[in-house]
Amino acid sequence: TKAATLVPPPGAQEIQTELADFLKRAVDWLQLEYTHLNTGDDSKRVQANNMIPEVDARQNNFYRYSYDLKTEYGLR
């Protein structure tokens, strides 16, 4: 992904990695949902639903790292 090719400033490598991981898994999840809608393949819906906790956790990690970075650099 494009996010994976960006060079983060010092101290932001962890959030950049989390963002790239979150975006990849979110795309995987949405692709499963899309496939289910187009094909009616219920196994894709089940796979997508099983991914929801992971996608939510990765999103929360990204927000946490983002907040920590903003706090560290005094950003709003």
Any salt bridge linking Asp28 with Lys24? Criterion: basic side-chain nitrogen under 4.0 Å from a carboxylate oxygen.
yes
If you measure from CZ on Arg45 to CG on Asn50, what distance do you get to the nearest 0.5 Å?
9.5 Å
If you measure from CG on Asn61 to CG on Leu19, what distance do you get to the nearest 0.5 Å?
12.0 Å
Common cluster, Val55/Leu30, ILVMFWY with side-chain heavy-atom separation under 4.5 Å
yes
side-chain contact (heavy atoms from CB on, under 4.5 Å) filter on Val27, not counting sequence neighbours, yields none
Can you tell me if Ser66 uses its side chain to pair, donor with acceptor, with the backbone of Phe62 under 3.5 Å?
no
Identify whether Tyr63 and Ile52 are in the same connected component of the hydrophobic contact network (ILVMFWY, side-chain heavy atoms under 4.5 Å).
yes
What closest approach, in Å, do Asp41 and His36 show between heavy atoms, and which atom pair accounts for it?
O-ND1, 3.1 Å
Heavy-atom check, side chain of Asn49 versus side chain of Glu33, under 4.5 Å
yes
List the atom of Glu18, the atom of Arg58, and the distance in Å for their closest heavy-atom pair.
OE1-O, 4.4 Å
